[in-house]
Asks: 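Encoded as structure tokens, here's the structure I'll be asking about.
No hydrogens, no waters, no symmetry mates; every other heavy atom, side chains included, goes into these values. Lettering follows sequence order; numbering is per chain, from 1.
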Protein chains: 2
Amino acid sequence: MAKGPPAEPKSRLRRAYVGLVIEVFRLNGDQLAVGNALGADLGLTSARWQVLGAISLSPVPLPVAHIARNMGLARQAVQYSVDEMRADGLVRLEPNPHHKRAMLVAMTEKGEAAYREASERHGRWAETLMADLPPERIEAASELLREVQRRIARSTATPATTGIKET
Amino acid sequence: MAKGPPAEPKSRLRRAYVGLVIEVFRLNGDQLAVGNALGADLGLTSARWQVLGAISLSPVPLPVAHIARNMGLARQAVQYSVDEMRADGLVRLEPNPHHKRAMLVAMTEKGEAAYREASERHGRWAETLMADLPPERIEAASELLREVQRRIARSTATPATTGIKET
DNA sequence: CGAAATTTGACAAAATCTTGTCATATTGAC
DNA sequence: GTCAATATGACAAGATTTTGTCAAATTTCG
């Protein structure tokens, strides 16, 4: 309307970054919805699927706190999912030779099957949907997201710069 | 342990996409933490900030349902944030000439100030942290994320393919 | 070894988000 | 204009996540 002062031009970097943040929020929401939809009839939600993923990726069974750290989730949120899945027979707790209280979380047969099926569905879904997207572009984007995470992690490790609290 | 059959090799596309999904989840978590930290003393959380962002981006005041759709959030989650922020004096409801019940959400002076300050902090923080990242790379990543979203949206619009439910 | 710091899960309270239902309002088809 | 379909906010019940506190177990350091 009125002309008003141009204020600060806002650097290209700044605009680019804020744009990225928004896209990440949105895609995150989409992915949760997709995950919930694909796993619904298997008794899986996106939250559960993430926990099973951590277990599956690790060569050895892990306690709850380790799963949380590996996936960047809150310890108690993982605990909640594990409790629920245990009640549903998807995971089982095994004694931990190295720690009396920190039991190891392992998938049951049922859990393995559900996770395998969900992964398979997700993979097929992705292959169909992203068929003509060059994998290089996807990989490049992933690499950038990783780089951004590295920088954020570095900054939170140096609270002097930003005042971001540690988790 | 045992050798077992090689199973399916899993295409590069598939691996790339699953990797992207994980990075998006993680970065999303980081961003929520950053947003909460940067806005804490302003009475803003990431959820609130997203709502104010929608208001700020729109040239005209919007009702709750529109804000939710614009940001890909659940209607009731936005309603919750708006109710809270109204109690805190960050937003205000204005009569909607076109709808008797759907009031328009507008920022109060206090809300404007908080949002402005939060944005400024976020911008400065991003500029410092991402200083030597080529904006082109960030923009390219955003563009890819947008493309992925377009494809997901297309697929949910065609439930025949996937069975994903509409929001 | 022994004390301090850290890690971990249990537990609980509170905050936030989701899901479902409902009445009202608006829009679109006819 | 009337009627069905859709959009919207209110409300409530439940699910999930967050935050705090605590005690036990482990690790670190002297």
Side-chain angles (χ1 to χ4, degrees), chain A residues 25 28-30 32-37 39-40 43-51 54 61-88 91-106 165-167, chain B residues 25 28-37 39-40 43-51 54 61-88 90-106 165-167:
Chain A
F25 277 144
N28 183 72
D30 290 351
L32 290 178
V34 168
N36 285 331
L44 295 185
T45 61
S46 287
R48 291 176 170 204
W49 196 54
Q50 264 190 293
V51 172
L62 303 171
V64 166
H66 288 210
I67 294 175
R69 254 185 329 217
N70 287 358
M71 304 298 279
L73 302 171
R75 194 159 50 95
Q76 296 300 50
V78 172
Q79 185 77 54
Y80 179 87
S81 292
V82 167
D83 288 345
E84 295 290 311
M85 285 195 285
R86 197 152 81 97
D88 286 0
V91 302
R92 155 176 46 91
L93 297 185
E94 299 180 344
N96 183 347
H98 302 307
H99 198 297
K100 284 186 185 162
R101 297 181 57 179
M103 307 277 278
L104 301 173
V105 185
K165 67 150 186 272
E166 333 69 352
T167 309
Chain B
F25 277 144
N28 184 72
D30 290 351
Q31 285 173 346
L32 290 178
V34 168
N36 285 331
L44 295 185
T45 62
S46 286
R48 290 177 171 203
W49 196 54
Q50 264 190 292
V51 172
L62 303 171
V64 166
H66 287 208
I67 293 174
R69 256 187 325 222
N70 288 357
M71 304 297 279
L73 302 171
R75 192 158 51 93
Q76 296 300 50
V78 172
Q79 185 75 55
Y80 178 87
S81 291
V82 167
D83 287 346
E84 295 291 310
M85 285 196 284
R86 197 153 80 100
D88 286 359
L90 293 171
V91 302
R92 154 177 46 91
L93 297 185
E94 300 180 342
N96 184 346
H98 302 307
H99 197 300
K100 283 186 187 165
R101 297 182 57 178
M103 306 278 278
L104 301 173
V105 185
K165 69 151 187 273
E166 333 67 356
T167 310

Asks: Can a side chain N or O of A:Q76 be found less than 4.0 Å away from OP1 or OP2 on D:dT19?
Replies: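 Checking D:dT19 against A:Q76, no side-chain N or O comes under 4.0 Å of OP1 or OP2.
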
Asks: With a 4.0 Å cut-off on heavy atoms, is B:R69 in touch with a base, just the backbone sugar-phosphate, or nothing at all?
Replies: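 Since only primed, P, OP1 and OP2 atoms lie under 4.0 Å of B:R69, the category is sugar-phosphate.
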
Asks: Grab the CZ-P distance between B:F25 and D:dT17 for me, whole Å please.
Replies: 12 Å

Asks: Taking the side chain as C-beta and beyond, is there a heavy-atom pair between B:P61 and B:E94 under 4.5 Å?
Replies: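 Counting from C-beta outward, B:P61 and B:E94 do come under 4.5 Å.
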
Asks: Under 4.0 Å: is that the gap between some side-chain N or O of B:Y80 and OP1 or OP2 of C:dC17?
Replies: no

Asks: Closer to the 5' end of DNA chain D via nearest nucleotide, is it A:K100 or A:A77?
Replies: A:A77

Asks: Quick one: A:E94 CD to C:dG9 P, roughly how many Å, whole number?
Replies: 14 Å

Asks: Rounded to the nearest angstrom, tell me the gap between atom NE2 in A:H66 and atom C1' in D:dA25.
Replies: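 In whole Å, D:dA25 C1' lies 13 Å from A:H66 NE2.
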
Asks: To the nearest angstrom, how far is B:L93 atom CG from D:dT8 atom P?
Replies: 15 Å

Asks: Just the rounded figure in Å: distance from C1' of C:dT16 to CD of B:Q79.
Replies: 14 Å

Asks: Checking contacts here: which listed nucleotide (D:dT8, D:dT18, D:dA10) is nearest the side-chain heavy atoms of B:A102?
Replies: D:dT8

Asks: Output yes when a side-chain donor or acceptor of A:N36 lies under 3.5 Å from a complementary backbone atom of A:T45, and no otherwise.
Replies: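 Flag not set: sc A:N36 to bb A:T45 has no pair under 3.5 Å.
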
Asks: Mapping B:R101 and A:T45 onto DNA chain D by nearest heavy atom, which one lands closer to the 5' end?
Replies: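 It is B:R101 whose nearest nucleotide is closer to the 5' end.
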
Asks: Between C:dT7 atom P and A:I67 atom CD1, what is the distance in whole Å?
Replies: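 Between P of C:dT7 and CD1 of A:I67: 17 Å.
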
Asks: To the side chain of B:H99, which of D:dA10, D:dT8, C:dG9 is closest?
Replies: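 For B:H99, the side-chain atoms sit closest to D:dT8.
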
Asks: Does the base of D:dA7 carry an N or O that pairs as donor and acceptor with the side chain of B:R75 under 3.5 Å?
Replies: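 In this structure, the two groups form no donor-acceptor pair.
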
Asks: Taking the side chain as every heavy atom from C-beta outward, state whether B:L104 and B:L93 have any pair of such atoms under 4.5 Å apart.
Replies: no

Asks: Side chain of B:E84 only, please: which of C:dT16, D:dA10, C:dA12 is the nearest?
Replies: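 Per side-chain heavy atoms of B:E84, the pick is C:dT16.
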
Asks: Are B:R48 and B:D88 packed together at the side-chain level, in the sense that at least one heavy-atom pair is separated by less than 4.5 angstrom?
Replies: yes

Asks: Within the pair A:H98 and D:dT27, is there a side-chain N or O less than 4.0 Å away from OP1 or OP2?
Replies: no

Asks: Once you round it to whole Å, what is the distance between P of D:dT26 and CE of A:M103?
Replies: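 Rounded to the whole Å, the gap is 13 Å.
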
Asks: Take atom CG of A:L104 and atom P of C:dT8, then tell me their distance rounded to the nearest Å.
Replies: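 Taking CG of A:L104 and P of C:dT8, I get 12 Å after rounding.
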
